There are 4 protein chains.
Amino acid sequence: MPRPPSAKPLIENAALRLFVEKGVAGTSIRDVAAAAGVSEGALYRHFDSKDALVWALFAGSFAAFARRLDALQAAAHGTRAKLAAMIGGVLGFYDAEPLLFRFLLFVQHRQLEKVTPDMPNPIDTIRNVVRAGIAAGDIPPTDPELATAMAVGLVLQPATFAAYGRIEGPLLPHAPRIATAAWQALTASSGENRK
Amino acid sequence: MPRPPSAKPLIENAALRLFVEKGVAGTSIRDVAAAAGVSEGALYRHFDSKDALVWALFAGSFAAFARRLDALQAAAHGTRAKLAAMIGGVLGFYDAEPLLFRFLLFVQHRQLEKVTPDMPNPIDTIRNVVRAGIAAGDIPPTDPELATAMAVGLVLQPATFAAYGRIEGPLLPHAPRIATAAWQALTASSGENRK
Amino acid sequence: MPRPPSAKPLIENAALRLFVEKGVAGTSIRDVAAAAGVSEGALYRHFDSKDALVWALFAGSFAAFARRLDALQAAAHGTRAKLAAMIGGVLGFYDAEPLLFRFLLFVQHRQLEKVTPDMPNPIDTIRNVVRAGIAAGDIPPTDPELATAMAVGLVLQPATFAAYGRIEGPLLPHAPRIATAAWQALTASSGENRK
Amino acid sequence: MPRPPSAKPLIENAALRLFVEKGVAGTSIRDVAAAAGVSEGALYRHFDSKDALVWALFAGSFAAFARRLDALQAAAHGTRAKLAAMIGGVLGFYDAEPLLFRFLLFVQHRQLEKVTPDMPNPIDTIRNVVRAGIAAGDIPPTDPELATAMAVGLVLQPATFAAYGRIEGPLLPHAPRIATAAWQALTASSGENRK
DNA sequence: GATGAATGAGAATTCATTCAT
DNA sequence: GATGAATGAATTCTCATTCAT
């Protein structure tokens, strides 16, 4: 009976950390192997290539995050509560797994091209809630993509600020503030409330 | 007065395009030189290194963008108008120079570390307006960093969506909608407006 | 009496096929093990090294082929009949075991260096018949090595053509034609038959 | 004005020698670079890859050799003279460029697959002469591919023997003997001359 | 005995940068 | 000034072989 694979999680953890610290391009396979305490060759038993390693890390977390958001919105009732639940989910994810979150955030650009439409996608999850909210009349008629973008930006940018050190401490305490802001942003009509 | 070297803008344009298309790491000096119609050696007459080229592209546009935003806010009166002016500035910049905007957006991560506090910085410009708005009582007391993050996200994420093709067409028409949303988001207090 | 290990022939067949298809250098031990349905480690129970596997395949067939040719010539009477018998043996071998034949043909270069003078050698077998034919006066005096080379080329090149797909169908039907040609070639004197 | 390329012939010579001595697979780019006295990287300025280097060496000589044979047969009159001329051409080529000849001979297997029908091909040249000879009635009706194979084998196998050291000295003196043998072989009918 | 994870020594290739011409 | 050949270090990846389980 062969040795069970024990190196894989070591590699994943080391890669995640290095990719966030130095960027994917700035991290060599040698760096990852050394940090994981395995040989370079061993890495290729678990991942076909460096790209495959990056993608495995990305796709796994990306989909898991999407499923988590979807569960949160499904458990909540009403558009506003669903949005608030998802916002809390995003912020809570940042607090719980800052490394993973920053990896998703900073690595997204090159990886998003490879995301297929059938993969669970957190952005789509949020968009679906926004769309349903518009259909239900909870959100005034508006471009759902723009509304989604605004909602996403409202919660992702604070996380980005936190990743850059502009915001300190856990993000979850800001959830009510952000949720309220998002609700205001989405339900505001273009001309309303101008003095 | 000698003719200024005409190769430099060629190199900058070629580099910008390639960096956005293939990423900085995925673009070699050879690629840039070939696309610019210049020899590899000639490139080093204009830029000390590849990093210097990236940085020149980034820092120049970043600071110019910051100055533009600052001019826009200075010309407007009142916190709300200043914010709206800056939002229009961001969206208009995207429409006018999508390549440059996407370069700043996607390349920011590694470059922001090199930004020194004395450089004009668009984020700081926005934060200053937010802070002043709070001080003036136009925005209810709140964490200025968080408020800045939300305002930035509200406008940057639509641009990101546009860069990914999720939103089509020019962004400037969305300026009033986003400005209103931003104002609502910033002036909402955490508990307000709940049913 | 223990059951002989059944893996060895599986490995040999798989290796033979892959070596012919992709070349020895282009075939990894992993490829062979996978094709044979055996683990990489198990392969080393049967063969000391990759080189040893190649050599075992080569040397075994090479010597067996030599013995076969020798038996054929021994059973025939007269130089011409002996040559014809060996030519039929070569062509029949190609028809019966095309994979093995092609392996010997294409792999020969690097392996022939390792062939020791005491190993049964098909070329030597043919040369001995040629020499004896010259000594017996059946073949006019001539350089025996050159005569051997011509006889070998006359039968090996059609097999090579067959291996490359230039000649289709079984080769054995061509045996009389080739045998006649070989006899004519060997018995021709340099100046004879010129117009 | 840049340095003219001087390294290319150095690389080609070194590669040719090493490929013949140690085989293509047994020769590393590092070996070639060292033997050529250039850096590994420099090699890639002249050849896109190791495969491209091998192919350049092969295809160039292969086609040149074909053109040479074609010129020789074109200058000769009558099927027999054309064949004799080509046989002399092959043997003379071996004597003049033994390294190149052995390279073509031993490396052919993997490279012939890449030969396209529009490339000048020595085998085709010989086959065309054989075909024309049959059509002209100089050679009795026979399978032209088989006849070509025999003619080719008759001259290539002596060269192979020479490459292996079985035949010593220049090959060209054997030309008349081989030419006569070839003519006898091709003009013999299957049943003729049997006692 | 068998397994396949791990090793470690290369292999091919790329590329920013330098510099002779 | 410009060119592009050359460098040399680093990178990704492969693979024969070993060995703990």
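Residue numbering restarts at 1 for every chain, and letters A, B, ... go by the order of the sequence lines. Small disclaimer: the values here were computed from a predicted structure and weren't measured.
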Can you build the contact string for nucleotides 7-12 of chain F? Use B for base contact, S for sugar-phosphate-only contact, and - for no protein heavy atom under 4.0 Å. BB--SB

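- In summary, of the residues considered (Phe58(B), Tyr94(B), Phe103(B), Phe93(B)), a ring pair (Phe, Tyr, Trp, His ring centres under 6.0 Å) with Phe65(B) occurs for Phe93(B) alone.
- Contact check for Tyr164(D) versus Gln108(C): side-chain heavy atoms found under the 4.5 Å cut-off.
- Looking at heavy atoms from C-beta onward, Arg110(C) lies out of side-chain contact with Val24(C) at the 4.5 angstrom threshold.
- Side-chain contact of Asp118(A) with Thr116(A): a donor-acceptor pair under 3.5 Å is present, judged by distance alone.
- Lys8(A) has no carboxylate O lying under 4.0 Å from a charged side-chain N of Glu12(A), or vice versa, which leaves the two without a salt bridge.
- A straight line from CD1 of Ile11(D) to C1' of dA6(F) spans 10 Å, rounded to a whole angstrom.
- Helix bend of the helix from dA2(E)-dT21(F) to dT21(E)-dA2(F): the angle between its two end axes, each built from five pairs, comes to 0° after rounding to 10°.
- The interatomic distance linking His46(C) (NE2) with dT17(F) (P) rounds to 16 Å, in whole Å.
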Decide yes or no on side-chain contact (heavy atoms from CB on, under 4.5 Å) for His46(A) and Leu53(A), but give the supporting numbers first. CA-CA 8 Å; His46(A) 300 287; Leu53(A) 167 59; over 6 Å; no

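- Between Ala66(D) and Pro120(D), the shortest heavy-atom distance links the atoms CB-C, 3.4 Å.
- Atom P of nucleotide dG1(E) and atom NZ of Lys8(C) are separated by 14 Å, given to the nearest angstrom.
- Closest approach of Thr27(B) and Lys50(B) over heavy atoms only: O-NZ, 2.7 Å.
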